[in-house]
Amino acid sequence: MSRLFTRLALILAALAHMPGGTAMAAPRHQSELAIASRDSFRIGDAGVVCTAARRSEDGHYASIFDRGYDVLCRDAASPVGTIYAFSGARAAADVAGNGPAPCQPETRVDDAALPGLTRIACRETTSGLTRVTYRLVRRDQTFMATGLAAYASALQLGLAALVTDRPVHGAISVAVTGSDDPAALARAQAERFDPAQALAAGMARANDGDHADATEFFDRLVARARRGDAGADRPALYLAGSAIEQSNLGNRAVADQLFARATRAGTGGDPVFARLYRNLYAMHRLDMGDAKGALATLDGPLTTLGDEAAFTDERLRAGFIDHPLAQRLSVDDAHHSRLSSEADPLTDTERAQLLDAQATYLRGEVHRLTGNAGLAARELRSAIDQFRAVRNGRVVSMAWLPADVFTAEAALAESAGHPDTAAALLQQAIDTVAVLSPDSAALLAAKARAAAFMVRQGKIDPALAAYA
């Protein structure tokens with residue numbers, strides 16, 4: 001049995017209503033958003049992978065309009081530089097470095113994309129490393145980038161993205177830093193992001209199929225909660241996220257331990273997280289080939305995970321909000337306001353309804369895998385109906401559910417001897433994932449499932465093209 005692809009977009013902080021269109025309407029992709037509206041963005045599009053992560057606080061800020069970003073690169077376990085957008089005039093010396101490092105005079109850089117760009121290079125006396133600072137003045141703003149000279153291409157591309165307020169094409173080439181750990185970037189980001197940002201980044205990687213990187217984010221959040229970092233106050237959620245990623249990676253004994261720790265951590269009576277935990281644990285049981293255990297989890301009573309007070313559906317529908325739930329909603333709303341301009345986020349009841357729809361889909365998967373095709377088909381259709389009952393199915397952040405249902409229905413159609421129907425459903429799943437998560441492992445997996453179907457149908461040449 002192939003493992004289910006876990007959808008962590010259902011987790012609380014990132015679940016948002018996108019108005020207009022249908023359930024399959026294309027959301028505005030991250031690459032189309034203005035740089036100024038993002039918490040992080042990819043720098044360049046080739047070479048070493050580097051990202052810019054917004055700094056919430058910085059000693060160089062002089063007004064609320066100033067912005068700064070750490071530059072994090074995959075081959076380095078700590079930030080390699082910082083880029084800034086300041087309101088008003090600033091001298092390069094303001095951010096050129098700390099201490100009496102010998103610096104060259106400020107000189108103009110020959111960069112056609114950034115006319116007027118200047119550069120200062122300073123050599124640190126203790127480490128012997130050269131740091132560079134770039135500066136560009138545009139009307140009433142000053143843009144700067146400062147960091148290691150070995151990463152000058154990343155600094156310039158990041159600066160260009162700030163100046164143009166959009167992603168900039170270009171390759172990043174740096175000197176070897178001695179780190180060959182592909183998870184170094186994820187670990188560095190998980191430490192530098194605030195907890196809400198780190199949680200959203202972990203979810204995004206899980207949804208894209210980058211389970212190893214997602215695990216790094218959840219593990220670092222668990223560690224930050226343990227040491228009491230400000231804002232890292234949801235240990236049960238972090239542990240559950242880490243648990244399902246370990247299950248996805250095949251580390252099932254570790255996943256069992258993490259789920260047990262999440263149970264002991266408690267949830268503060270949160271009915272939405274209780275549903276999320278139920279779904280994740282059912283997926284884990286399915287990953288282990290335990291369909292009976294998965295069904296028992298889905299059909300059993302919701303647990304409050306060690307909390308004394310039950311949070312009933314009636315209290316949820318009545319709008320009762322206790323202190324822990326109010327605190328969680330406050331965190332989620334604050335994070336949501338940074339990620340989206342949406343003024344009408346989902347209510348907690350709607351989130352619970354969507355998680356119940358996912359549970360119905362999972363029941364359909366259990367019945368399909370155990371050979372009960374008729375009951376499986378009914379559950380899968382019911383899951384779609386439940387999804388569409390929330391804002392007429394216009395919750396694009398939850399559009400993973402129809403994609404997963406299409407895949408399951410394709411398997412049913414193939415088993416029933418309807419290959420044309422199966423092929424059409426698999427293509428619907430591919431189209432949905434392509435809109436939500438282009439250029440991802442999730443999209444490759446959807447294409448691979450379609451290619452495998454073609455092989456089973458004896459269509460070798462189309463299958464090879466799809467695998468390519």
Side-chain angles (χ1 to χ4, degrees), residues 29-56 58 60 66-86 95 109 111-114 117-119 121 129-136 138 141-177 179 181-194 197-198 200-202 204-205 208 210 213 216-217 338-339 437-440:
H29 188 249
Q30 178 74 355
S31 64
E32 299 174 5
L33 296 177
I35 293 296
S37 68
R38 304 191 201 178
D39 279 334
S40 64
F41 60 90
R42 170 82 183 267
I43 298 176
D45 56 4
V48 174
V49 177
C50 295
T51 63
R54 191 189 287 261
R55 296 173 61 89
S56 57
D58 189 288
H60 296 105
D66 293 342
R67 290 179 286 130
Y69 301 78
D70 286 322
V71 178
L72 301 154
C73 294
R74 177 157 289 174
D75 68 338
S78 60
V80 300
T82 312
I83 54 179
Y84 295 99
F86 295 120
V95 297
V109 178
D111 187 331
L114 297 173
L117 182 68
T118 63
R119 176 181 185 271
L129 296 174
T130 299
R131 297 184 64 86
V132 293
T133 299
Y134 295 95
R135 182 172 70 105
L136 180 66
R138 286 284 176 89
Q141 280 189 290
T142 303
F143 299 91
M144 291 195 200
T146 184
L148 298 174
Y151 291 85
S153 58
L155 296 176
Q156 285 188 248
L157 285 171
L159 191 66
L162 285 192
V163 172
T164 59
D165 203 26
R166 60 176 176 77
V168 174
H169 298 293
I172 296 174
S173 177
V174 298
V176 176
T177 61
S179 172
D181 183 357
L185 176 62
R187 281 197 296 272
Q189 289 177 320
E191 284 291 342
R192 300 293 294 188
F193 287 0
D194 68 45
Q197 288 176 303
R205 282 155 178 76
D208 285 349
D210 296 332
D213 277 6
E216 293 290 345
F217 276 93
R338 290 198 301 269
L339 292 180
S437 193
D439 303 320
S440 68

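Quantities reported herein were computed from a predicted structural model and do not represent experimental measurements.
Across every non-hydrogen atom of A154 and C73, the tightest pair is CB-SG, 4.5 Å. Closest approach of G202 and F217 over heavy atoms only: CA-CB, 3.7 Å. For the pair Y84 and L159, the tightest heavy-atom approach, listed with the atom from each and the gap, is O-CD1, 4.4 Å. Nearest heavy-atom pair, D165 versus A34, reported as atom, atom and distance to 0.1 Å: OD2-CB, 3.4 Å. Across all non-hydrogen atoms, the minimal contact from A121 to T130 is CB-CG2, 4.3 Å. When all heavy atoms of R42 and C50 are compared, the pair lying nearest together is CD-O, 3.5 Å.
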Is there a side-chain contact (heavy atoms from CB on, under 4.5 Å) between L162 and F41? Walk through the geometry before answering.
CA-CA 10 Å; L162 285 192; F41 60 90; 4.3 Å; yes
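Between R131 and L148, the closest side-chain pair of non-hydrogen atoms falls below 4.5 Å. For the pair R54/R67, a side-chain contact is recorded, criterion being any heavy-atom separation below 4.5 Å from C-beta on. With contacts defined as side-chain heavy-atom distances shorter than 4.5 Å, the pair D58/Y69 does not qualify.
By the side-chain contact (heavy atoms from CB on, under 4.5 Å) test, L155 is found to be paired with V71, V132, Y134, A145, residues two or more places apart in sequence or in another chain being considered. Among residues two or more places apart in sequence or in another chain, the side-chain contact (heavy atoms from CB on, under 4.5 Å) test is passed with R138 by P115, L136, F143, V163. With sequence neighbours excluded, the residues forming a side-chain contact (heavy atoms from CB on, under 4.5 Å) with D111 are V109, A113, L114, L117, Q156, listed by chain and number. With sequence neighbours left out, T118 forms a side-chain hydrogen bond (donor to acceptor under 3.5 Å, both in side chains) with E106. For D70, the salt bridge (Lys or Arg N to Asp or Glu O under 4.0 Å) partners are R55, R192, not counting sequence neighbours.
Taking CG of D39 as the reference point, atom OG1 of T51 lies at 12.0 Å (rounded to 0.5 Å).
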